[in-house]
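Numbering of residues begins at 1 and proceeds along the displayed sequence. If you're wondering where the values come from, they're calculated on a predicted model, not measured in any experiment.
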Amino acid sequence: MQTSFDSDKRKLLSSLCHGAIFFSTTLFSIGVPIVINIISDDPVVKSSAKESINFHFNVWFWATIIGVPIAVLSWLTFGIGGLLFFPLVAFGFLLHWGLTIVALLHCFSNPDEPFRYPFIFRVF
């Protein structure tokens, strides 16, 4: 027997999982999908929550990998070295925000199918 899930609720919860990064890039962006994963019994919402958690972990990981050398290089060269990494940082921000917006649009246009972020490693 197949259980029917509310499409509007699915859209809302899936978009909250992916859009949590817009509220804060700290623990809040991971906390919202974790809570939604725990309270929801919808398999699409659970998949969206896990994918969102993985994406936020990737954002934190790559920001650390790129951010630490930029900080050190900027400190050592009085700011000039950090300018060399500016295109890489700008590309990272565009990719981060762009993929999040694509995920939100996918949640609204295809609520019955979970969004999968490309190019990320998945912990969960």
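The aromatic rings of Phe55 and Tyr117 sit parallel, their planes meeting at an angle under 30°, below the 60° perpendicular limit.
Crowding of Phe121 atom CZ: a count of heavy atoms from other residues, nucleotides or ligands under 6.0 Å exceeding 12. More than 12 heavy atoms of other shown residues, nucleotides or ligands fall within 6.0 angstrom of atom CZ in Phe22. In this structure, Trp62 places its CH2 atom where only 12 or fewer heavy-atom neighbours from other residues, nucleotides or ligands lie under 6.0 Å away.
Between Phe115 and Val102, some side-chain heavy-atom pair lies under the 4.5 Å cut-off.
A donor-acceptor pair is defined here as one N or O able to donate and one able to accept, closer than 3.5 Å; no such pair exists between the side chain of His96 and the backbone of His56. The backbone N or O of Val44 lies less than 3.5 Å from a partner atom in the side chain of Asp42, making a donor-acceptor pair. Under a 3.5 Å cut-off, the side chain of Asn54 and the backbone N or O of Val123 do form a donor-acceptor pair.
Across every non-hydrogen atom of Lys11 and Ser15, the tightest pair is O-OG, 2.8 Å. Nearest approach of Pro111 to Arg10, heavy atoms of both residues: O-CD, 2.7 Å. Considering all non-hydrogen atoms of both residues, Pro33 and Cys17 come closest at CG-O, 3.7 Å. Smallest separation of non-hydrogen atoms from Lys46 and Ser40: CE-O, 3.0 Å.
Linking Ile, Leu, Val, Met, Phe, Trp and Tyr residues whenever their side-chain heavy atoms come within less than 4.5 Å places Trp60 and Ile65 in a single cluster.
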